[in-house]
S.K.: 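Structure provided below as structure tokens; questions to follow.
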Amino acid sequence: MIVAQRKTIPELQNIIKGHKNILVLGCGTCVTVCLAGGEREVSIISSALRIASKKLGEPIKVNELTIERQCDNVFIETAADEIKKYDAVLSLGCGAGVQAIAERYPDKPVYAGLDTAFLGILESRGVWTEKCAQCGACVLADFGGICPVTRCAKHMLNGPCGGSRVERCEISPNQPCAWQLIYKRLKDIGEVDKLKKIYPAKNWSKSLDGGSRTIIREDHRI
Amino acid sequence: MTEHTFEPKILAFCCHFCAYASADLAGSMRLQYPPGVRIIRTPCTGRLEVEYYLQAIENGADGVLIAGCLEGGCHFIDGNLFARKRVTATRALLEECGIDKERLRMVNISAAMAKNLVEVIFEMVDTVKQLGPNPLKISRTILKEEILK
């Protein structure tokens, strides 16, 4: 799932400056699960913005709406009537959601209320960790399901760097060494021989380095 | 409202199993506490959402007091511990909004601690008196005055 976190209230105030009638638009998918932009967070952020603006003596009208998915036109259309009523939209969707809304309403200012952080999982309650860098050419099959591209700070593909200390990455004592995890995991599943394979330099053009990506499935196009 | 006559309106969310009972006991013991305190009974402080605190402030409460069971004594095991975390997060959010975090406070009170509850209420009222009325009310008054001009 996409993991994001909210911007601070002063940051948000700065973003919506000049608008008197705002719609805070939540998204019911990933950002709801990561507790950043769902119905509840929309309510909290709206209330906080009303409080902050009243405190400054410049009260603004802030209303709330949460749709099922901001990155899907079918759901964006359900918000069409509501969006028309406001000067601007403060989207609490991920970066994709914000852009989808902005494209759909070319004459309406649409602002991002969240900092979209990464693709990750819920590690434990209130803790999310990054697991996938969306490199476009998955190597997980060779590394026991542990991604060296994402979880090794140097994205090493041919073994550890030598900077790890007591199974921890040199960048932080809280960060486990991905290569330590990979070695343990491959040993446990009896596939340690896979480490003998030498990886050539990775083709990063399939990643964001090659520009923003498009996938076309002709069999599904209308 | 001038500062001399300012009697803060405090919204107190009291847990049914402890603080609400202690407020009841305070009544039976004839313990006086400031009349500006409005008590709302809640099944557990863990039931309270961040929105409740924010909306109380937004709608003009000068202070919000959350009174839950003693730590380890929650009827629902850990509701009051969750409430404490939410209150801490909301205090930080209020600071971001420019509202003094001391307007929101959580205390732990058992059903027998009527005296402590009254003390806590007095402390809260004193703190809020020093902070002055809810600034959102002031800005509203200023706006009204500007409109009347």
Side-chain angles (χ1 to χ4, degrees), chain A residues 4-17 19-22 24-26 28 31-32 34-66 90 92 111-115 122 124-128, chain B residues 9 11 13 46-64 66 77-79 81-104 128 131-149:
Chain A
Q5 54 187 346
R6 77 165 171 87
K7 288 178 184 288
T8 64
I9 299 301
E11 275 178 317
L12 292 177
Q13 276 182 292
N14 202 26
I15 287 171
I16 59 170
K17 213 178 197 171
H19 296 292
K20 294 281 174 205
N21 197 10
I22 303 281
V24 178
L25 188 65
V31 289
T32 293
C34 71
L35 308 178
E39 202 167 2
R40 177 179 285 177
E41 291 73 31
V42 164
S43 168
I44 292 169
I45 290 175
S46 301
S47 192
L49 285 175
R50 282 192 293 265
I51 290 174
S53 65
K54 266 192 203 173
K55 170 80 197 316
L56 287 176
E58 300 162 354
I60 55 169
K61 194 178 160 200
V62 182
N63 264 353
E64 306 158 18
L65 179 69
T66 301
L90 181 68
L92 297 192
Y111 303 116
L114 301 182
D115 291 322
L122 179 70
S124 60
R125 268 182 74 160
V127 179
W128 292 268
Chain B
K9 268 191 188 164
L11 194 64
F13 289 103
R47 171 66 188 88
L48 300 167
E49 306 286 354
V50 173
E51 296 97 299
Y52 296 3
Y53 312 143
L54 292 178
Q55 280 172 23
I57 298 286
E58 201 183 326
N59 291 319
D62 297 306
V64 181
I66 291 96
I77 303 169
D78 46 16
L81 304 181
F82 287 127
R84 169 76 64 187
K85 286 182 180 173
R86 281 187 207 136
V87 169
T88 308
T90 314
R91 277 162 64 96
L93 186 60
L94 284 175
E95 287 273 277
E96 278 183 36
C97 298
I99 304 289
D100 198 294
K101 65 181 179 190
E102 290 306 326
R103 290 189 190 275
L104 177 67
V128 175
L131 293 174
N134 181 339
L136 307 192
K137 276 197 297 195
I138 297 173
S139 68
R140 203 156 55 190
T141 319
I142 293 168
L143 280 175
K144 269 184 193 168
E145 281 170 4
E146 277 178 4
I147 291 165
L148 287 174
K149 272 179 198 170

S.K.: Do you know the tightest heavy-atom contact between B:Cys97 and A:Ala48?
M.R.: SG-O, 3.4 Å

S.K.: For residues A:Thr8 and B:Glu96, is any side-chain donor paired with an opposing acceptor at under 3.5 Å?
M.R.: no

S.K.: Quick check: are there more than 12 heavy atoms from other residues, nucleotides or ligands sitting under 6.0 Å from CG of A:Leu122?
M.R.: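 It does: A:Leu122 CG has more than 12 such atoms within range.
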
S.K.: Find the distance between NZ (A:Lys54) and CG (B:Asn134) and round it off to the nearest 0.5 Å.
M.R.: 8.5 Å

S.K.: Check whether more than 12 heavy atoms from other residues, nucleotides or ligands sit under 6.0 Å from atom CD of A:Glu11, and answer yes or no.
M.R.: yes

S.K.: Would the number of heavy atoms belonging to other residues, nucleotides or ligands and lying under 6.0 Å from NZ of B:Lys9 be above 12?
M.R.: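 Counting other residues, nucleotides and ligands, NZ of B:Lys9 stays at 12 neighbours or fewer.
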
S.K.: How long is the span from the CG atom in B:Leu94 to the NZ atom in A:Lys55, to the nearest 0.5 Å?
M.R.: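 Separation between the atoms: 11.0 Å.
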
S.K.: A quick test of your reading: do over 12 heavy atoms of other residues, nucleotides or ligands sit less than 6.0 Å from CZ of B:Arg86?
M.R.: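 Correct, the count exceeds 12.
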
S.K.: List the residues meeting ring pair (Phe, Tyr, Trp, His ring centres under 6.0 Å) with A:Tyr111, not counting sequence neighbours, and say none if there are none.
M.R.: A:His19

S.K.: Got a second to check how far A:Arg50's CZ is from B:Leu54's CG, nearest 0.5 Å?
M.R.: 9.5 Å

S.K.: Of all the residues in residues 38-46 of chain A, which have a heavy atom that comes within less than 4.5 Å of a heavy atom in chain B?
M.R.: A:Arg40, A:Ser43, A:Ile44

